[in-house]
Amino acid sequence: MSPDPEADLERLRMIAMALPHAAEKVSHGQPAFFIEKGKIFAWFWHDHHHDGRTAIMVKTSGIEEQEMLIEMDPDLYYRPAYIGPYGWVAIRTDQPHSDWDHIADRIALSWDYVAPPKLKGKG
């Protein structure tokens with residue numbers, strides 16, 4: 001678990017809220033970031049169901065990408081409960097040297113996966 005989950009949440013908040021039309025709400029007891037009137041693109045979980053981890057959940061392009069990320073770095077990524085079967089992956093922020101640039105890139109990709117085309121300039 002992160003020794004300072006509030007600092008991790010604040011970093012996530014700064015990254016997520018800088019994305020177009022982002023908003024924050026509590027969903028299922030956890031801070032969630034979503035596109036206004038749309039879908040969630042990031043969740044913050046700290047000791048979720050007493051699992052001893054602090055992580056950010058992000059959307060992937062699908063199960064294949066999720067599995068590839070977990071296989072590539074199982075200490076960083078894991079398949080989160082409940083939402084894992086839908087292509088979400090957890091990125092641990094409680095590691096000694098969390099790479100927040102990488103985390104920010106994954107959050108931006110997640111936003112892109114759920115954003116409607118009109119917000120991405122395609123509609």
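Just so you know, these numbers use all the heavy atoms, side chains as well, and skip hydrogens, waters and symmetry mates.
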Taking all heavy atoms of [X] and all of [Y], pick out the closest pair and write down the distance.
| X | Y | result |
| --- | --- | --- |
| G84 | Q66 | O-NE2, 2.9 Å |
| F41 | A22 | CZ-CB, 4.0 Å |
| F33 | M17 | CD2-SD, 4.0 Å |
| R92 | G52 | NH2-O, 4.3 Å |
| P85 | P80 | CD-O, 4.4 Å |

From [X] atom [atom1] to [Y] atom [atom2], the distance as rounded to the nearest 0.5 Å:
| X | Y | atom1 | atom2 | value |
| --- | --- | --- | --- | --- |
| E65 | M72 | CD | CE | 9.0 Å |
| I91 | M57 | CD1 | CE | 9.0 Å |
| H46 | L9 | NE2 | CG | 10.5 Å |
| I15 | R106 | CD1 | CZ | 13.5 Å |
| I40 | E24 | CD1 | CD | 11.0 Å |
| K39 | Y113 | NZ | OH | 14.0 Å |

Kindly determine whether L19 and I107 satisfy side chain to side chain contact (heavy atoms under 4.5 Å, CB included), including the steps that lead there. CA-CA 9 Å; L19 295 167; I107 293 167; 4.0 Å; yes

Look at the side-chain heavy atoms of Ile, Leu, Val, Met, Phe, Trp and Tyr, link any pair under 4.5 Å apart, and say whether V114 and I83 land in one connected group. no

Given the rule that I, L, V, M, F, W and Y join up when any side-chain heavy atoms are under 4.5 Å apart, are F44 and M14 in one cluster? no

Angle class for the W45/W43 ring planes (parallel below 30°, perpendicular above 60°, tilted otherwise)? tilted

Is it true that the side chains of T54 and D8 contain a donor and an acceptor less than 3.5 Å apart? no

Name all residues meeting the side-chain hydrogen bond (donor to acceptor under 3.5 Å, both in side chains) criterion together with Q30; count only those two or more places apart in sequence or in a different chain, and write none if there are none. none

Tested for side chain to side chain contact (heavy atoms under 4.5 Å, CB included) against V89, the lone hit among I63, L76, L69, I56 is L69

Can you tell me if H28 has over 12 outside heavy atoms packed within less than 6.0 Å of its NE2? no

Show every side chain to side chain donor-acceptor pair (under 3.5 Å) that has at least one partner inside residues 80-91, sequence neighbours left out. H49-Y82

Tell me every residue that passes salt bridge (Lys or Arg N to Asp or Glu O under 4.0 Å) with R79, counting only those two or more places apart in sequence or in another chain. none

Assess the residue pair Y78 and D51 against the criterion (side chain to side chain contact (heavy atoms under 4.5 Å, CB included)); give the C-alpha distance rounded to whole Å, side-chain angles, the decisive distance to 0.1 Å, and a yes or no. CA-CA 12 Å; Y78 67 93; D51 68 0; 3.9 Å; yes

